[in-house]
Asks: 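Here's a structure for you.
Counting begins at 1 with the first residue of the sequence.
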Amino acid sequence: MGDVRTKSDQSTTRAMNRRLILNLLRREGAKSRAEIAAATGLSPAGVTFVVSDLIEEGLLIEGQSVAGAQGRRPIPVAIDYAGGVALGFKLMAGSVECVVTDLETTPLASLRLPLPAHDPDTIAEALAAAAPKLVALANRPAARLAGIGIAMPGVIDNQRAVCIRSNRYGWDNVPLGDLVASRIGVPVWLEDDTNAYAIAQQLFGLGRHYKTMGVLAIGVGVACSLVLDGKLYRGAHGAAGKFGHFPHMEGGRPCECGKRGCLMSYFSEPAMLQTWHERSGRPETDGRAEMVAAIAAGDKAAHSVMREAGETLGRHLAGLMNVIDPEVIVVGGEAVAYGDALFGPLRATLERFAFRQAPPVLLDWEDDSWARGAAALVTQKLFDFETTAGNA
């Protein structure tokens, strides 16, 4: 038993050291082996051992030694983000947003495809057919396809790549990861779309330098993923972060979850548009662009909708933030287009109800962040960034 425990301990230590080194290089860029040892507290021999393994696996690449005033400087090593490509699929109501990225989630090409139906086999076939097209568009023949990430709204078993429940698609216990992997032959990871978005923000986005943060999404739905001490919090059943299902008005508007009066029934982006139509008499064909123009023109109904949404979301968000005490809140989704009209009241209300100082609210204006979030699942799993809390 002693030998078994020793081997197990060595394996655990090695895995921890790998993650420690990879996360250091992700956050701070290329470093020499000596710099890695100094920054991590690992022994020079331990660093050399792990770095050699990572180079052999193709995860790290050595740079060039540069001559300095005191001779040649040590050779730096860095993560080889260009050595592979990842595919990201963001499933939406009637379409799928597709992207191919390098392993730093830098987009190389993208496209949007219609979804003719919502049954699992149709979607799996559509994603499998899109994969070779995306790889060809990337135009990186030497790069390997490292894997596929799929982001969708729902309760997800991340470990098994199974959709436990999706109200939007009407799915229960669908093994979408296996359905796609069996057609393509590469690893496939599945995640709730807001969680995937949070992973992208944590790894390479606005949350890159924070260990504890809230990631608020206001789009077709409303959700708030939580990163606690460097690790995404999924909850006991994969259902954490369903912020949009906070009760807002008993017996109110119907929600896709089957209940009535949920927060997202009033303050998702489509719901805010609905309220604007009701208050202003504007036609239902007026969408986001018309709402933005109305806000800029001083439309009272549009501003009242934004103020009510910002204040209500800010009050609920303050309660949640008082529980987790985040360093920052990152916000994405279609409603970011409404800018200060929405987020001015949200920030002011958050400040008013925060237990102490309200965290800064950072808006993500990037259009491709959601599909990149799906691709980030590949990078996260490939480099195992998430496993050790506090090092992400």
Side-chain angles (χ1 to χ4, degrees), residues 193-194 197-198 200-202 205-210 212-227 241-246 248 262-277 279-280 286-370 373:
D193 52 1
T194 307
Y197 176 71
Q201 293 297 326
Q202 178 194 21
L206 295 174
R208 183 170 187 164
H209 298 292
Y210 302 100
T212 298
M213 65 176 177
V215 179
L216 177 65
I218 311 173
V220 174
V222 178
C224 187
S225 291
L226 306 175
V227 175
K242 304 307 180 188
F243 182 68
H245 297 289
F246 277 21
H248 173 63
C262 291
L263 202 61
M264 67 173 281
S265 300
Y266 291 86
F267 304 113
S268 65
E269 204 239 354
M272 288 189 281
L273 286 170
Q274 178 185 339
T275 303
W276 180 51
H277 298 151
R279 291 182 184 177
S280 66
D286 282 2
R288 187 181 315 128
E290 288 78 15
M291 178 81 135
V292 170
I295 290 169
D299 180 275
K300 290 183 179 179
H303 277 277
S304 72
V305 171
M306 292 294 103
R307 184 173 58 255
E308 180 184 343
E311 289 175 353
T312 305
L313 290 171
R315 187 172 63 253
H316 284 288
L317 191 62
L320 181 59
M321 296 304 104
N322 286 343
V323 173
I324 69 168
D325 186 24
E327 299 167 86
V328 69
I329 300 170
V330 177
V331 185
E334 290 85 351
V336 169
Y338 301 129
D340 285 342
L342 174 61
F343 294 102
L346 186 149
R347 288 187 174 102
T349 305
L350 186 63
E351 185 72 41
R352 189 162 70 250
F353 287 99
F355 174 66
R356 299 190 69 186
Q357 183 177 353
V361 176
L362 308 180
L363 304 186
D364 173 28
W365 295 92
E366 298 294 331
D367 290 336
D368 56 8
S369 291
W370 289 85

Asks: Once you round to the nearest 0.5 Å, how far does CG of L263 lie from NE2 of H245?
Replies: 10.0 Å
Asks: Evaluate side-chain contact (heavy atoms from CB on, under 4.5 Å) for F343 paired with L363, printing each intermediate quantity in order.
Replies: CA-CA 9 Å; F343 294 102; L363 304 186; 3.8 Å; yes
Asks: Strictly distance-based, threshold 3.5 Å: is any side-chain N or O of R347 a donor or acceptor partner for the main-chain N or O of V361?
Replies: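 Yes, the answer is positive, given that a donor and an acceptor are paired below the 3.5 Å cut-off.
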Asks: Please determine which of H277, K300, M291 meets the side-chain contact (heavy atoms from CB on, under 4.5 Å) test together with V305.
Replies: M291
Asks: What's the shortest heavy-atom distance between A271 and S265, and which atoms?
Replies: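 Closest heavy-atom pair between A271 and S265: CB-O, 3.2 Å.
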Asks: For the pair N322 (side chain) and F355 (backbone), establish whether a donor and an acceptor sit closer than 3.5 Å, ignoring hydrogens and angles.
Replies: yes
Asks: So which atom in I295 and which in A302 form the shortest heavy-atom distance, rounded to 0.1 Å?
Replies: CG1-CB, 3.9 Å
Asks: Between atom CG of L350 and atom CE of M321, what is the distance when rounded to the nearest 0.5 Å?
Replies: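 Interatomic distance, L350 CG to M321 CE, rounded to 0.5 Å: 8.0 Å.
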Asks: For the atom pair CZ (F243) and CG (L317), what is the distance rounded to the nearest 0.5 Å?
Replies: 5.0 Å
Asks: Would you give the length of the straight line joining atom CD of E334 to atom CH2 of W370, rounded to the nearest 0.5 angstrom?
Replies: 8.0 Å
Asks: Which atom names give the shortest non-hydrogen contact between G214 and P326, and what distance separates them?
Replies: N-CB, 3.9 Å
Asks: Are any side-chain N or O atoms of D325 and backbone N or O atoms of T212, one a donor and one an acceptor, separated by less than 3.5 Å?
Replies: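 Not confirmed, D325 side chain does not pair with T212 backbone.
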Asks: Between CG of L216 and CG of L346, what distance do you get to the nearest 0.5 Å?
Replies: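 The CG atom of L216 sits 7.0 Å away from the CG atom of L346.
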Asks: Taking only residues at least two apart or on different chains, which pairs with a member in residues 292-342 satisfy ring pair (Phe, Tyr, Trp, His ring centres under 6.0 Å)?
Replies: F246-H316
Asks: Please report the shortest heavy-atom distance between A337 and V292, naming the atom on each side.
Replies: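 Residues A337 and V292, closest heavy atoms: O-CG2, 3.9 Å.
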Asks: What heavy-atom pair brings C224 and L320 nearest, and what distance separates the two atoms?
Replies: SG-CD2, 3.9 Å
Asks: Evaluate the side-chain contact (heavy atoms from CB on, under 4.5 Å) criterion for residues V336 and W365: first the C-alpha distance (whole Å), next the side-chain angles of each, then the deciding distance (0.1 Å), finally the verdict.
Replies: CA-CA 7 Å; V336 169; W365 295 92; 3.5 Å; yes
Asks: Carefully, step by step, assess V328 and L206 under the rule side-chain contact (heavy atoms from CB on, under 4.5 Å).
Replies: CA-CA 9 Å; V328 69; L206 295 174; over 6 Å; no
Asks: Tell me, do M272 and M306 make a side-chain contact under 4.5 Å, heavy atoms counted?
Replies: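 Heavy-atom side-chain distance check passes, below 4.5 Å.
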Asks: Closest heavy-atom contact between A358 and E351?
Replies: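 That closest heavy-atom pairing would be CB-OE1, 3.5 Å.
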Asks: Checking side-chain contact (heavy atoms from CB on, under 4.5 Å) against Y210, which of E327, Q201, Q202 comes through?
Replies: E327
Asks: Can you tell me how far the CH2 atom of W276 sits from the CZ atom of R288, to the nearest 0.5 Å?
Replies: 12.5 Å
